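Beneath this line is the structure, given in structure tokens, with notes to follow.
None of these values were measured; they are calculated from a predicted model. Hydrogens, waters and symmetry mates play no part in the numbers below; they use all other heavy atoms, side chains included.
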Amino acid sequence: MQNMDLKKLPIGEQSFEKLREEHCLYVDKTEYIYRMINQGSYYFLSRPRRFGKSLLLSTIEAYFLGKKNLFEGLAIADKEQNWIKHPVMHLDFNTQQYDSPQRLYNIINDFLCRQEAIFGKQESEVDLGLRFMGVIRRAHEQTGQRVVILVDEYDKPLLHAFGKSDLQEEFRVMLRAFYGALKTMDAHIRFALLTGITKFSKVSIFSDLNNLNDISRDKQYALLCGLTDKEVNAYLSPYIARYAANVNKPVAEVRNNLQRMYDGYHFVDGGEGLYNPYSVMCALAKIEMGSYWFETGTPTILIEMLQRHHYPLESLENEPIDTTALDSKDGNEDTIVPLLYQSGYLSILKTSGNGRLSWMTFPNEEVRDGFFRFLLPYYTTVQKTQTAFAIDNFVNDVTNGNANLFLTRLQSFFADFQYDAQTTPESHFRNVLFILCKLIGLQVDAEYQTSDGRIDLLIRTDKYVYIIECKIDATPKIALEQTHQKSYALPWTTDNRQKILIGLNFSTTTRRPDGWLIEYDDGTIEAKTVEKTVEKTVEKTVEKTSNKIIALIKTNPQITMKEISQHLSMSERGVEEQIKTMRGKYIKRVGGRKKGHWEIIKLT
């Protein structure tokens, strides 16, 4: 298939009618829609953002408006015979920032005003609930057909008020009165579907809707949103071939990269894996594997919860959770894992034989990498613009066996970091090291169990095994001696990799590591007492890198980011972040990205 014959990829498209009229690619989900419509009336669906919920609602709206022509060639066209037009009321909570009750009232009032303009209003309908009941009843009476209610992102106001109990309570009261109309007007309603990211029952907005069928973890609807392997092959193979041709790589390699980056979402136990549709479409349209889903929103609230409750990050993947908790509807700030799962940051890896316990994991590389990159500035003094640069240097230190340098760099991450009273330096250090090791793809274990005890931190690379024991207000010597007393290195006696034992001490006064001992395979011991000026290590590295970039620009003013990264053995992202700190101060860009050149303003 030639490029000109490929249908437009519907990136972020939420209108089914527009998508079909403009001949965009549509992955047919109408078989599931037909099943829903004919098996029940009231549904609730929780899925992560950008997973196709809005397009699903738009498709259902088109069906109930009787727009048969839009469904030609789709599965539902062969099943449905009647195509009866119903009054459809579609409420979208996506369009507002909810920082006050007035903002929420404005959205609901606007929705009701539009319905009242069609179906009329009575003077006695003085509040939101009465007005909603009134338009539902009159719509049925005036059209002779029961009403269809569609609500998109029902939980957005509640998420915006997360952690603000008073504001959330005001939202709860308003929403409960509004949604109460759905049960009261049951005789006038044909179908209702409410979608969102999370599940809130503790806030009681649905307490009266005991007939609302939650299909979020229902196996027969598990594939309703997202893309399966079969669908990727059936609908996207020509786009994958186009991608492969553009980057001069085998189709199989591109296909594997798509799977590694964007597959892996599991919403039911043992269910088929799903791709994030938004990221896949973006990658194939832009001919580049990027963090498209992650960059459309940031998990700030979730990360604040992790910090507030001092959650050990290694527990996100290593510890089982009660499977019933994944359906948690409490809206409780302590239930961080269910919220991470419902929001799309964690997925089900496996369940126990009786189904009572589930182990979680990050669904794919896009989410794992994006999550930990976003975490790093919250746990260290590394600025967001310097994250990739810091990671590049840490990679070089750990993989090359430069234990003293990577510990010095780690210590600088703690400089001027603001702890709260409950955070222990040891737990914070473990979280920081866990984040960094996840970012660079290293195998890291906290409290690794051996026959004689638990290793505080274990890091494994292709060439090195780092065994780290941590103490508080003691000495590095005591920490290192424990690695020998407990024979922590014994399991790796026959391992060809070099073993590096590290005894590290934390000071509760400085709230950071203040010294360490490093013992190598040959018995050599390296000692380090941290000075106050240790923070200058990173500053000197940044300055040295800036000088190298300036030297390259002197030699070739037209040099590209990619060429600089190759010369310095850095990632392109790391180079970009380093250059951001230099532009306007040491260098400037003249002309466009493709045809321009660099000029030096002054030397560092």
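- Ring centroid separation for the pair Trp293 and Tyr345 comes in under the 6.0 Å cut-off.
- A donor-acceptor distance shorter than 3.5 angstrom exists from the side chain of Ser46 to the backbone of Ile197, with no hydrogens or angles considered.
- The CH2 atom of Trp359 sits 9.5 Å away from atom CG of Leu349, with the distance rounded to the nearest 0.5 Å.
- Within 6.0 Å of the CZ atom in Arg356, the count of heavy atoms belonging to other residues, nucleotides or ligands does not exceed 12.
- Although no hydrogens or angles enter the test, the distance criterion places a donor-acceptor pair under 3.5 Å between the side chain of Asn400 and the main chain of Asn396.
- Looking at Arg255, its side chain never comes within 3.5 Å of a backbone N or O of Ala241 through a donor-acceptor pair.
- A cation-pi geometry, defined here as NZ or CZ lying under 6.0 Å from the six-membered ring centre and within 45° of its normal, does not hold between Arg368 and Phe362.
- Between Arg460 and Asp495, none of the side-chain N atoms (NZ, or NE/NH1/NH2) sits under 4.0 Å from a carboxylate O, so this pair counts as no salt bridge.
- Here the rule is side-chain contact (heavy atoms from CB on, under 4.5 Å) with Leu258, and of Leu284, Leu227, Leu236 only Leu284 fits it.
- For an aromatic pair to be called close, the ring centres must be under 6.0 Å apart, and Tyr179 with Tyr154 fails this.
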Full working for ring-ring contact (aromatic ring centres under 6.0 Å, His included) between Tyr278 and Tyr292:
CA-CA 7 Å; Tyr278 179 77; Tyr292 301 107; 7.2 Å; no

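- Ring to ring, Tyr26 and Tyr235 are not that close: their centroids are 6.0 angstrom or more apart.
- Between the side chain of Arg20 and the backbone N or O of Leu70, at least one donor-acceptor pair lies under 3.5 Å.
- Using a 4.0 Å cut-off between charged side-chain N and carboxylate O, Lys230 and Glu272 make no salt bridge.
- Under the 3.5 Å distance criterion, the side-chain polar atoms of His160 are left unmatched by any main-chain donor or acceptor of Asp99.
- Atom OH of Tyr243 and atom CG of Asn257 lie 7.0 Å apart (nearest 0.5 Å).
- In this model, no donor atom of one side chain and acceptor atom of the other lie less than 3.5 Å apart for Thr351 and Ser358.
- Counting only distance, with no hydrogens or angles, the side chain of Asn364 and the backbone of Tyr262 share a donor-acceptor pair below 3.5 Å.
- Residues Glu231 and Lys29 are paired through a salt bridge, judged by an N-O separation under 4.0 Å between the basic side chain and the carboxylate.
- Here the closest non-hydrogen pair linking Ser15 and Leu55 is C-CD1, 4.1 Å.
- Within the 4.5 Å cutoff, the side chain of Leu357 has no heavy atoms near those of the Ile321 side chain.
- Atom NE2 in His266 sits 11.0 Å away from atom CG in Asp269 (nearest 0.5 Å).
- Under the 3.5 Å distance criterion, the side-chain polar atoms of Ser347 are left unmatched by any main-chain donor or acceptor of Pro363.
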ring-ring contact (aromatic ring centres under 6.0 Å, His included) between Tyr265 and Tyr341, intermediate numbers included
CA-CA 10 Å; Tyr265 292 89; Tyr341 161 71; 10.0 Å; no

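- A donor-acceptor distance shorter than 3.5 angstrom exists from the side chain of Ser237 to the backbone of Asn233, with no hydrogens or angles considered.
- When only modelled atom types and interatomic distance are considered, Ser279 and Glu366 share a side-chain donor-acceptor pair under 3.5 Å.
- Taking the six-membered ring where the residue is Trp, the centroids of Phe191 and Tyr42 are separated by 6.0 Å or more.
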List the steps and the verdict of side chain to side chain contact (heavy atoms under 4.5 Å, CB included) for Thr296 and Arg49.
CA-CA 9 Å; Thr296 62; Arg49 58 184 169 80; 2.6 Å; yes

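- Put simply, the side chain of Gln168 gets close to the backbone of Leu158: a donor and an acceptor are under 3.5 Å apart.
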Residue pair Tyr63, Tyr34: steps toward the ring-ring contact (aromatic ring centres under 6.0 Å, His included) verdict
CA-CA 9 Å; Tyr63 168 83; Tyr34 184 80; 7.3 Å; no

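- Taking the six-membered ring for Trp and the full ring otherwise, Phe16 and Phe71 have centroids separated by under 6.0 Å.
- Arg497 places none of its side-chain heavy atoms less than 4.5 Å from the side chain of Asp462.
- Side chains of Tyr466 and Leu458 form no contact here, defined as non-hydrogen atoms less than 4.5 Å apart.
- Cation-pi geometry between Arg217 and Phe267 is not satisfied (NZ or CZ under 6.0 Å from the ring centre, within 45° of the ring normal).
- At a cut-off of 3.5 Å, with distance as the only test, no side-chain donor of Arg47 or Thr195 sits close to an acceptor on the other residue.
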Derivation and outcome, side chain to side chain contact (heavy atoms under 4.5 Å, CB included), residues Leu57 and Val151
CA-CA 8 Å; Leu57 290 175; Val151 180; over 6 Å; no

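- Residues Ile76 and Asp28 fail the side-chain proximity criterion, which asks for heavy atoms closer than 4.5 Å.
- With values rounded to the nearest 0.5 angstrom, Leu25 atom CG is found 12.0 Å from Glu13 atom CD.
- For the pair Asp155 (side chain) and Thr198 (backbone), a donor-acceptor distance under 3.5 Å is present.
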